[in-house]
J.: 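Dumping the structure here so I can ask a few things about it.
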Amino acid sequence: MDPEKAKAYWNKNITVISVFLGIWALVSYVFGILLVEPLSSFNIGSLPVGFWFAQQGSIYVFVVLIFVYAKVMDGVDKEFDVQE
Amino acid sequence: MNFSETEIWTFVLVIISFGIYIYIGYMNRVRDTRGFYVAGQGVPAIANGAATAADWMSAASFISMAGLISTMGYDGAVYLMGWTGGYVLLAMLLAPYLRKFGKYTVPDFIGDRYYSKTARTVAAIAAIFVSFTYVAGQMRGVGIVFSRFVGIPIEWGVIIGMAIVAFFSVIGGMKGITWTQVAQYGVLILAYLIPSIAIAMILTGIPIPQMAFTFSDITQRLGTLQMDLGFKEYVQPFQGRSQLDILFITIALMVGTAGLPHVIVRFYTVPTVRSARYSAGWALLFIALLYTTAPAIAVFARYNLLTTLSGAEIQPDGSFTINPVPADELRAEHPWITKWETPGLLRLGEDLNGDGGVTVAPGNAFADKAKGDQVVPGEKGNEKGNEVYIDADIIVLSTPEVANLPPMIIGLVAAGGLAAALSTASGLLLVISSSISHDIYYRLINPKADEKRRLLVGRVMILIAVIIAGIFGIFPPAFVGEVVAFAFGLAAASFFPAIILGIFDKRSNNYGAIAGILIGLIFTITYIVLERFGGVDFKTMLGPVYVSSLGIGTVGSILNFAVMFIVSRSTAAPPQEIQDLVESVRIPRGAGEASAAH
């Protein structure tokens, strides 16, 4: 495979991963742990927002993130013609 | 001997489920090493997701986790986020590239990528140690489930579990294990969800536990009741641990999950890079079904237990009146109390404060929860006069009876607990067997061994591993209780950085990897051993920057990354063929052919 194209594919993959792992860290570490106290003045249903992210929300986001990543990479693989 | 209806259902369902596992194992018997180690790399993404979920969720996830969360409140989030977040790392940073690499084990990747026998050996030994620590607890779990539901001694339960696992893993290898795990996932998730839905319906009128947890007022009611009884507010964060410790534990569990060999190796079994990505999604979806239900069950069951035992009744304005009920009256009204008092999972003490009934409050009521029957006021912070002992495991185990479900469902919960323990045990045993027979025997000792001989060594090793694990299960060594700290800390501090840099940093070389892994491992092991066994009080020593041994893997992991980066850059770059290997694992195309070729 052409080294330039391989490099471009890899850079694209890293950009996609950075965005998704940014969201991953935001919902778990930031909303669920670091900002849990300030966020507790707001509610989701009857649970404080920070508590909800720590025990429910972050897990839902994780599941969605993986499927969306897989879907996005299907497109990227096709674009660079590296799919199987 | 007389058997109750519950015991008969338990026997029937356990025997049927074991029969299914043996049948599946027999139908999927293998005749080559590729089938034995990686199930012939033909497992569909969704089936691998279910197998991974069963592999991942252990007896502890099934029986103990909801109970732990119910006593920890917010702080229980370390397990919920920590044991799910790692799958995002797996899906994006590890699984696709390791699948492209396409060989059989984690030490295979480390050994090839770092062109080093030392690295391969260190990785194989670390994989064996981590897996043995973990599997001993699983075999013990099988024995405990048997003893609690069927009433046979723990030792015999362990032996029955060993026989079943030995059968389908020796003849079926990874292929047999995979399809058995798919069935085991079905059993364990049904056994978890049916009682959860029933108790959600009874307590809140909403049948979906996650919705009942979020939208009914049950968590607020539990919070009010806890404060009335002298406990802390349920949703209040950082009661037992500091914010820093919670953060570090969560990171260590996530990174450790992504570095555990028995989880990683599951992604070698799918046909393509694309299916490795989707498979991680399916795995987490299946895991999330249980992991988002667990905190809901924790609240429902704790609310139910506390109101029942303390005699609390909710008033129309949302406050509670507490009229302590005498222990004998409670026992007469709720038969499950006596049932769980027998194995010592629940204990009502005598009325020491003389208020005429059982008092529920924070602190330990008994000097020795297993034997003593004397209430000890003032013992370990029991100033408020607590008179009950509630074991964490009872939260899940007692739910079907508390929710008045038929005896068949109680039998199903027993089968579910066994499925969770057996599926995790078999995955770990395969890692132990492949580390010895493939990484150490074939790759290091006898590279000329033919296919037939390697397969035989693999089968013999898995049999030996089952026997050793069973012996550990019958005579548990002290370190088994520290499974979580050791397994996750070591995986986070050793495998994770070596694999990530091996894929994402072409410049990483053998010296960097060996130095990084050794320093990460030595630091993490030393800290855990000193704190848990050496009596060193890091908490007082470190003050506000204290991190517990559960979270120390995060520091070990950072150390490993830093050392590996610096040492790699101050020594020679890896040879061209290794740089080409890194280039090739980054490109999805060719995963099918690459694995067909060897």
Side-chain angles (χ1 to χ4, degrees), chain A residues 1 3 5-7 9-10 13-14 16-21 23-25 27-37 39-40 43-48 50-74 76-78 80-84, chain B residues 69 73-74 76-78 80-82 84-85 87-93 96 210-211 213-220 234-238 243 246-247 250-251 254 271-274 277-285 287-288 291-292 294-296 298 504 583 586-592:
Chain A
M1 184 174 177
K5 207 173 108 188
K7 201 167 179 199
Y9 170 74
W10 187 244
N13 183 28
I14 292 193
V16 174
I17 291 173
S18 309
V19 172
F20 282 95
L21 287 188
I23 302 171
W24 167 80
V27 293
S28 55
Y29 303 144
V30 179
F31 292 169
I33 299 175
L34 297 173
L35 294 182
V36 66
E37 280 163 326
L39 283 176
S40 65
N43 276 6
I44 287 181
S46 62
L47 298 176
F51 178 89
W52 183 81
F53 268 105
Q55 297 212 343
Q56 292 277 297
S58 58
I59 304 175
Y60 299 135
V61 176
F62 295 157
V63 175
V64 173
L65 278 179
I66 300 182
F67 279 112
V68 176
Y69 172 72
K71 195 85 211 154
V72 168
M73 289 310 289
D74 281 351
V76 176
D77 287 357
K78 279 213 181 70
F80 287 85
D81 191 32
V82 294
Q83 82 280 21
E84 282 198 270
Chain B
I69 294 167
Y74 162 87
V78 294
L80 295 168
M81 291 193 288
T84 54
Y87 282 86
V88 180
L89 297 174
L90 271 166
M92 297 177 195
L93 302 180
Q210 291 83 347
M211 301 292 278
F213 179 44
T214 308
F215 293 106
S216 81
D217 63 346
I218 184 130
T219 313
Q220 288 167 333
Y234 190 80
V235 298
Q236 183 70 40
F238 319 127
Q243 188 167 29
I246 294 277
L247 180 68
T250 308
I251 298 173
M254 285 186 182
T272 62
V273 169
R274 180 174 182 268
R277 296 185 193 124
Y278 279 98
S279 183
W282 289 115
L284 187 58
L285 177 68
I287 292 166
Y291 272 60
T292 55
F504 287 82
E583 286 291 345
R586 293 177 176 181
I587 304 297
R589 180 167 293 168

J.: Under 4.5 Å, counting heavy-atom pairs only, tell me which of B/Y87, B/F215, B/F238 racks up the most with chain A.
T.: B/F238
J.: Let me know if A/S58 has heavy atoms under 4.5 Å from chain B in its side chain, its backbone, both or neither.
T.: side chain
J.: Let me know if A/Y60 has heavy atoms under 4.5 Å from chain B in its side chain, its backbone, both or neither.
T.: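 Just the side chain, heavy atoms under 4.5 Å.
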J.: Could you look at A/K71 and say if it's the side chain, the backbone, both or neither that has a heavy atom under 4.5 Å from chain B?
T.: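 Its backbone and side chain both get close to chain B.
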J.: Please state whether the side chain, the backbone, both or neither of A/Y9 comes within less than 4.5 Å of a heavy atom of chain B.
T.: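 Answer is side chain: those atoms of A/Y9 sit under 4.5 Å from chain B.
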J.: Let me know if B/L93 has heavy atoms under 4.5 Å from chain A in its side chain, its backbone, both or neither.
T.: side chain
J.: If I measure from the heavy atoms of chain A, does B/M254 come under 4.5 Å with its side chain, its backbone, both, or neither?
T.: side chain
J.: Tell me, for B/R274 versus chain A, whether the close heavy atoms (under 4.5 Å) come from the side chain, the backbone, both or neither.
T.: side chain
J.: Hey, what's the ring geometry for A/F51 with B/Y74, parallel, tilted or perpendicular (30° and 60° as the breaks)?
T.: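 Rings of A/F51 and B/Y74: tilted, as their planes differ by 30° to 60°.
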J.: By a 4.5 Å heavy-atom criterion (distance strictly below it), what part of B/Q210 contacts chain A: side chain, backbone, both, or neither?
T.: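 Both parts, backbone and side chain.
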J.: Picking from B/A283, B/A91, B/P237, B/P588, which has the most non-hydrogen pairs under 4.5 angstrom with chain A?
T.: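 Option with the top pair count is B/P588.
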J.: Aromatic rings A/F67 and B/Y278: how do their planes relate, parallel, tilted or perpendicular, breaks at 30° and 60°?
T.: tilted
J.: Less than 4.0 angstrom from a charged side-chain N to a carboxylate O is my criterion; do A/D77 and B/R589 meet it?
T.: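 B/R589 and A/D77: not salt-bridged.
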J.: Considering only heavy atoms, which portion of B/T219 lies under 4.5 Å from any heavy atom of chain A: side chain, backbone, both, or neither?
T.: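 It is the side chain, since no backbone atom gets that close.
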J.: Would the A/W10 and B/F504 ring centres measure less than 6.0 Å apart?
T.: yes
J.: Check the pair B/L89, A/L21 against side-chain contact (heavy atoms from CB on, under 4.5 Å), reporting the backbone distance first and the verdict last.
T.: CA-CA 8 Å; B/L89 297 174; A/L21 287 188; 4.2 Å; yes
J.: Are the side chains of A/N43 and A/P48 in contact, using a 4.5 Å heavy-atom criterion?
T.: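 Yes, side chains in contact.
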J.: Below 4.5 Å from any heavy atom of chain B, which atoms of A/I14 appear? Answer side chain, backbone, both or neither.
T.: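 Only the side chain of A/I14 comes within 4.5 Å of chain B.
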J.: Counting only heavy atoms closer than 4.5 Å, note whether B/I287 contacts chain A via side chain, backbone, both or neither.
T.: neither
